[in-house]
Amino acid sequence: MLLNLREAGGPLHRRVYLALKAKIRAGGLGPAARVPSTRALARDLGVSRNTVMLAYEQLAAEGYLVSRHRAATSVAGVARPRAAPASARPATERPARVSAYARRLTARLDLAPSAPSVPRPALRYDFRYGRPAVDEFPREIWRRLLGAHARRASSDALGYGSPAGHGPLREALVEYLGRARGVVSDPERIVVVNGAQQALDLVARVLLDPGDGAVVEEPHYPGATIPFEAVGARLLRVPVDADGLDPARLPPAAARPRLAYVTPCHQFPTGVIMPLERRLALLEWAPRVRAWVVEDDYVSE
């Protein structure tokens, strides 16, 4: 069997798999056609038998090949149809619908600056926010700690964990927050996320309905407005001055504010700190209009 393994990149077994799949889809191997044994094809291609076995296993998993006990491997009885070219499709064909949430999110992302299509030269000084000094990270110490904990991991640690996060981690956070931050909590009130964007997305889905108002500081972290607008909320912008968000300009209950997203410790991006009297005024406003206060303490641990 002749196969072109040069057209595709990647591991050798994947190149064999892609070449065989292309041959089947092009009709070079018809329905029920027998394929060479793994030993024979490996010999013809000059590769190991394991390479061909991996390719055959993937093709069988996708329904292209059928392998029966004590019988030769063959192409599936009904070959998969090839996709029609775009020019041959009906002019009336339209893509499947997505949800209103997806349409709002797509429209919001379309307004964001797109990633450059070509790599930019390395920056001498990188002032982008949110990027840790990874070159200072103690990789060797981290590797040793990971290895030590992996060796001691129980079988329970290898299964599905709580969607709220690792239980012992949440217990440790409760102890730390009480000691270092004066926050009284319990593990059931803590959810571990993989980043601020996931947290804001969860907050938006749980607290906001379409048409609700979401108070944001102006200026603000632009990533916060994406999940708010994606769920259909209206942005209620409150100006920031030398003391941060001005509570005197918070919207009334008639504007249907359901949450206020704030950065009081170090306002983003100005860096100003909200004084105590303004924080208290914000906390007095929230129950009056039945709104939540979402604090993004992004400069904390």
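Source: prediction; values computed, not measured.
- In this structure, the side-chain contact (heavy atoms from CB on, under 4.5 Å) partners of Leu169, at least two apart in sequence or on a different chain, are His166, Leu173, Val192.
- Qualifying side-chain hydrogen bond (donor to acceptor under 3.5 Å, both in side chains) partners for Ser300, counting only residues two or more places apart in sequence or in other chains: Arg181.
- In this structure, Leu235 is a member of the same hydrophobic cluster as Leu105, with clusters built from ILVMFWY side-chain heavy atoms closer than 4.5 Å.
- Using a 4.5 Å cut-off between side-chain heavy atoms of Ile, Leu, Val, Met, Phe, Trp and Tyr, with links allowed through other members, Val66 and Val75 fall into different hydrophobic clusters.
- With side-chain heavy atoms closer than 4.5 Å counting as contact, directly or through intermediates, the hydrophobic cluster containing Trp142 also holds Phe137, Leu146.
- In this structure Arg104 satisfies the side-chain contact (heavy atoms from CB on, under 4.5 Å) test together with Ala100, Tyr101, sequence neighbours excluded.
- Residues forming a ring pair (Phe, Tyr, Trp, His ring centres under 6.0 Å) with Tyr298 (at least two apart in sequence, or on another chain): Phe268.
- Residues forming a salt bridge (Lys or Arg N to Asp or Glu O under 4.0 Å) with Arg258 (at least two apart in sequence, or on another chain): none.
- The pair Asp241-Arg249 does not meet the salt-bridge criterion, since no charged nitrogen lies less than 4.0 angstrom from a carboxylate oxygen.
- Partners of Val184 under the side-chain contact (heavy atoms from CB on, under 4.5 Å) rule, at least two apart in sequence or in another chain, do not exist in this structure.
- Applying the side-chain hydrogen bond (donor to acceptor under 3.5 Å, both in side chains) test to residues at least two apart or on different chains, the pairs with a partner in residues 37-46 are Thr38-Arg49.
- Evaluation of the side-chain hydrogen bond (donor to acceptor under 3.5 Å, both in side chains) rule for Arg279 yields no partner, not counting sequence neighbours.
- Between Thr225 and Pro222 the shortest heavy-atom distance is OG1-O, 2.9 Å.
- Applying the 4.5 Å side-chain rule to ILVMFWY residues, one finds Leu276 in the same cluster as Leu280.
- For Ala150, the side-chain contact (heavy atoms from CB on, under 4.5 Å) criterion is met by no residue, not counting sequence neighbours.
- Val191 belongs to a hydrophobic cluster whose other members, connected by ILVMFWY side-chain contacts under 4.5 Å either directly or through intermediates, are Val193, Leu202.
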